[in-house]
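Every heavy atom of this structure was used, including side-chain atoms; hydrogens, water molecules and symmetry mates were not. Letters go in sequence order (proteins before strands), and every chain restarts at 1.
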Protein chains: 2
Amino acid sequence: MSRHVELVQSLRQAGHRLTPQRESVLAVVAASDRHLTAEEIIARVRQRYPYLNKSAVYRSLDLLTQLGLVTQTDLGHGHVEYELHNHPHHHHLICRHCKDVRQIDHAAFVSLEKKIENDFGFQAELDHFAIFGTCKKCQPRAKIAKSRASATR
Amino acid sequence: MSRHVELVQSLRQAGHRLTPQRESVLAVVAASDRHLTAEEIIARVRQRYPYLNKSAVYRSLDLLTQLGLVTQTDLGHGHVEYELHNHPHHHHLICRHCKDVRQIDHAAFVSLEKKIENDFGFQAELDHFAIFGTCKKCQPRAKIAKSRASATR
DNA sequence: CTCCTTTTTGCAACTGGTTGCAATTAGTAA
DNA sequence: TTACTAATTGCAACCAGTTGCAAAAAGGAG
């Protein structure tokens, strides 16, 4: 059974209808091996299904996210990026100053995830996290303001 | 020296100009003891300074965030919330299903923060984190789709 | 197949936030 | 105090994403 068919079944089993719109959004996301923006998804979907409305795409993506089939990440590029939720887990460190993005793998997050589960019974989606901050290179630039601000903490 | 004056000095020392617009945005944020939306900030600022343009407010808030004086958080309410960066650290667990938000304190994050600093020299702003996921109450509802999706991981 | 109910779509208007650019102004220096 | 220049503002157009609602269609029952 292909990955795609499987995903469609997840949808149906959670009590949602399978419409051609949803089907094609899912197919496009499943066929990509990297982040896609909503704009890219809409363009690809329209190659097969030209009259699809953007709000149906956004609504499908939100639903797929709720079902845990897709992840949404804000990498600070001014839009959200979407991805099938089955690639090796990783996260992103994003510098507020130079906008540089670097990857970090999931290992560092496992203990936090477990703690949240134990303490609150909350299943955190720590699958694709965007962490903002200051990278090594930019730290000198931010230092003056920081040191003042922290004086009263 | 008041908190407000201190913040103004941080601005100046980082090489930025003190304009009446920035001054009043900073004053409004500093005077509040809770999250404010951009809309609330604009409304309050205009009580003193009626013609202030919204883009100046957004630009001031972004600058203050870069300087580490203000935090921005997306709590899934459809807009960002702003707060002075000197309240006791806490984070939020947000359920994707019922939209419930609950607080969690910073202690759970300290080791992650240190690991990121050691491994990458990256100063993460883990001060006001929004973690999406599924709360205890909603887990049964999401379970069917999840179990299928994870079969191929 | 046909009917029915409920979900989903399409649409157009809207929202929060951003951008490019010309006009203005803070800070500095003479 | 005046003049200068780089930083900042105001504006209007724009962008990504959302919403309310009427029309369409999926899935189920008979």
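- Atom-to-atom, NE2 of A/H77 to P of D/dG17 comes out at 13 Å; the value is rounded to the nearest Å.
- Below the 3.5 angstrom threshold, one finds a donor paired with an acceptor across the side chain of B/K54 and the base of C/dG17.
- Rounded to whole Å, atom P of D/dG17 lies 9 Å from atom CG of A/L61.
- Rounded to an integer number of Å, the gap from A/I42 CD1 to C/dT9 P is 13 Å.
- In this entry the distance linking CG of A/D74 with P of C/dG16 reads 18 Å, nearest Å.
- At whole-Å resolution of the value, CG in A/N53 and P in D/dA25 are 14 Å apart.
- Across B/V8, B/L61, B/L18, a single residue satisfies side-chain contact (heavy atoms from CB on, under 4.5 Å) together with B/L26, and that is B/V8.
- Note: the hydrophobic cluster containing A/F132 does not contain B/L75 (ILVMFWY, side chain heavy atoms under 4.5 Å, direct or indirect links).
- For A/L64 and C/dT8, the CG to C1' distance is 14 Å, given to the nearest whole Å.
- Distances were taken from every side-chain heavy atom of A/E39 (C-beta onward) to each of C/dG17, D/dA16, D/dG27; the shortest belongs to D/dA16.
- Following rounding to the nearest Å, A/R17 (CZ) and D/dA24 (C1') show an atom-to-atom distance of 11 Å.
- Contact between the side-chain N/O atoms of A/T19 and the OP1/OP2 oxygens of C/dT9 is found at a separation under 4.0 Å.
- A straight line from CZ of A/R12 to C1' of D/dG27 spans 7 Å, rounded to a whole angstrom.
- Of the two residues contacting DNA chain C, namely B/H79 and A/Y51, the nearest-nucleotide position lying further toward the 5' end is that of A/Y51.
- A side-chain donor-acceptor contact under 3.5 Å links A/H91 to the backbone of A/F129.
- Using a 4.0 Å heavy-atom distance criterion, B/S55 is classed as a base contact.
- The phosphate of C/dT25 (OP1 or OP2) has no side-chain N or O of B/Q21 nearer than 4.0 angstrom.
- Phosphate contact (OP1/OP2 of D/dG17, side-chain N/O of A/Y58, threshold under 4.0 Å): present.
- The base of C/dG10 sits within donor-acceptor range of the side chain of A/R59, with an N or O pair under 3.5 Å.
- Classified by interplanar angle (parallel below 30°, tilted 30° to 60°, perpendicular above 60°), the ring pair A/H79/A/H77 is tilted.
- A salt bridge does not link A/R44 to A/E39: none of the charged nitrogens lies less than 4.0 Å from a carboxylate oxygen.
- In the set D/dG10, C/dG10, C/dG17, D/dG10 carries the atom at the smallest distance from any side-chain atom of B/A56.
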